[in-house]
Engineer: 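Take this structure first; my questions come after.
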There are 2 protein chains.
Amino acid sequence: MKLATEEFDRISKALADPQRREILQKLVARRMNCSDVHAMFNVSQPTVSHHLKELAIAGILDKEKQGQFCFYQVKAEVLSAYVAELQKRLGVGAIAVAPRMK
Amino acid sequence: MKLATEEFDRISKALADPQRREILQKLVARRMNCSDVHAMFNVSQPTVSHHLKELAIAGILDKEKQGQFCFYQVKAEVLSAYVAELQKRLGVGAIAVAPRMK
DNA sequence: TAAACGTATTGATGAACATCTATATGATTA
DNA sequence: TAATCATATAGATGTTCATCAATACGTTTA
């Protein structure tokens with residue numbers, strides 16, 4: 001998977017805010033809805049919603065609506081592609097490895 | 001090398017601005033002074049100076065003064081450590097490889 | 001030593017953005 | 001159907017920050 005520069009920059013920005021990064025890390029561990037995430041941090045529900053939206057727009061999260069709930073989950077391929085692209089741009093060598101099975 | 005969360009976030013922010021990221025990429029290719037960088041982009045000299053300072057503060061660049069010139073060069077170990085930490089936090093598996101010799 | 005050069009700092013400006021409260025919208029439940 | 005719950009949106013606010021012009025500071029050169 002190949003990321004365009006605009007997508008790459010969008011992701012970089014999405015990762016730049018500590019609060020948003022922490023939210024993302026929680027979602028790496030497991031798929032969650034907005035309330036679940038909200039319960040984990042000291043920010044308002046709209047702020048959480050906003051961050052999730054930003055992460056989704058950046059292409060990092062998948063959004064799946066189930067009734068009144070809305071589940072967000074990490075798009076591992078995109079994250080891998082981002083890290084790969086970053087390594088390339090920073091001249092940091094590495095061999096990518098497939099993520100572990102679910 | 002291990003990065004504290006504050007250092008990690010600082011680097012993330014440093015990478016989040018496209019202009020600064022591009023400057024960094026040029027420096028990955030070769031060590032340069034402020035004027036050299038300035039000649040490559042359509043931003044003012046103070047802006048370049050500012051970005052170089054931010055990258056240095058983030059620990060990504062080394063600053064070396066030689067007479068009236070000021071050379072900046074990438075700290076490869078820090079970039080590697082950043083990518084490694086990012087992979088860890090994002091759950092993206094990879095095997096790091098030593099950077100090529102100069 | 002005066003002019004030119006390389007770089008950093010200062011101060012200002014406008015834009016981006018993280019956050020909040022209030023509210024709207026849609027789904028579930030009593 | 002009314003109340004409750006989950007989420008999103010709207011609008012406001014304060015802060016961060018990318019950028020610039022002007023200038024200061026140190027170094028080199030004529």
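A quick note: this is a predicted structure, and the numbers were derived from the prediction, not measured. Convention: sequence-line order gives letters A, B, ...; per-chain numbering from 1.
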Engineer: Which donor-acceptor pairs under 3.5 Å do side chains of residues 46-59 of chain A form with protein atoms, sequence neighbours excluded?
Structural biologist:
unit_1	atom_1	unit_2	atom_2	d
Thr47(A)	OG1	Ser44(A)	OG	2.9

Engineer: Where do Ala81(B) and Met1(B) come nearest, in terms of heavy atoms and distance?
Structural biologist: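 The pair with the smallest heavy-atom distance is CB-O, 3.7 Å.
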
Engineer: Tell me, do Tyr82(B) and Leu86(A) make a side-chain contact under 4.5 Å, heavy atoms counted?
Structural biologist: yes

Engineer: Using side-chain heavy atoms (C-beta onward) and a distance below 4.5 Å, is Leu24(A) in contact with Leu61(A)?
Structural biologist: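 Yes, at least one pair of side-chain atoms sits under 4.5 Å.
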
Engineer: Can you tell me how far NZ of Lys75(B) sits from CG of Asp62(B), rounded to the nearest 0.5 angstrom?
Structural biologist: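 Answer rounded to 0.5 Å: 4.5 Å.
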
Engineer: Contact boundaries of DNA chain C with chain B (under 4.0 Å, heavy atoms), 5' to 3'?
Structural biologist: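 The footprint of chain B covers dC5(C) to dT9(C).
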
Engineer: Classify every nucleotide of nucleotides 7-19 of chain D by which part a protein heavy atom approaches to under 4.0 Å, writing B for the base, S for the sugar-phosphate alone and - for neither, in 5'-to-3' order.
Structural biologist: BBB-------SSB

Engineer: Using the C1' atoms of the five pairs at each end, what is the angle between the end axes of the helix from dT1(C)-dA30(D) to dA30(C)-dT1(D), to 10°?
Structural biologist: 10°

Engineer: Side-chain contact, heavy-atom cut-off 4.5 Å: Ile60(A) with Leu27(A)?
Structural biologist: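 SC-SC contact between Ile60(A) and Leu27(A) ruled out.
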
Engineer: How far apart are the C-alpha atoms of Arg10(A) and Glu6(A), what are their side-chain angles, what is the distance that settles it, and do they pass the side chain to side chain contact (heavy atoms under 4.5 Å, CB included) test?
Structural biologist: CA-CA 6 Å; Arg10(A) 186 103 210 181; Glu6(A) 307 83 56; over 6 Å; no

Engineer: Going by the salt bridge (Lys or Arg N to Asp or Glu O under 4.0 Å) test, which pairs reach into residues 77-89 of chain B, not counting sequence neighbours?
Structural biologist: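 Pairs touching residues 77-89 of chain B that pass the test: Lys2(B)-Glu85(B), Glu85(B)-Arg89(B).
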
Engineer: List the atom pairs, with distances to 0.1 Å, where a side-chain N or O of residues 31-43 of chain B and a protein N or O form a donor-acceptor pair under 3.5 Å, not counting sequence neighbours.
Structural biologist:
unit_1	atom_1	unit_2	atom_2	d
Arg31(B)	NH2	Glu64(B)	OE1	2.8
Asn33(B)	OD1	Ser35(B)	N	3.2
Asn33(B)	OD1	Asp36(B)	N	2.9
Asp36(B)	OD2	Asn33(B)	N	3.4
His38(B)	NE2	Val43(B)	O	3.1

Engineer: Check step by step if side chain to side chain contact (heavy atoms under 4.5 Å, CB included) holds for Lys13(B) and Asp9(B).
Structural biologist: CA-CA 6 Å; Lys13(B) 267 194 181 171; Asp9(B) 282 336; over 6 Å; no

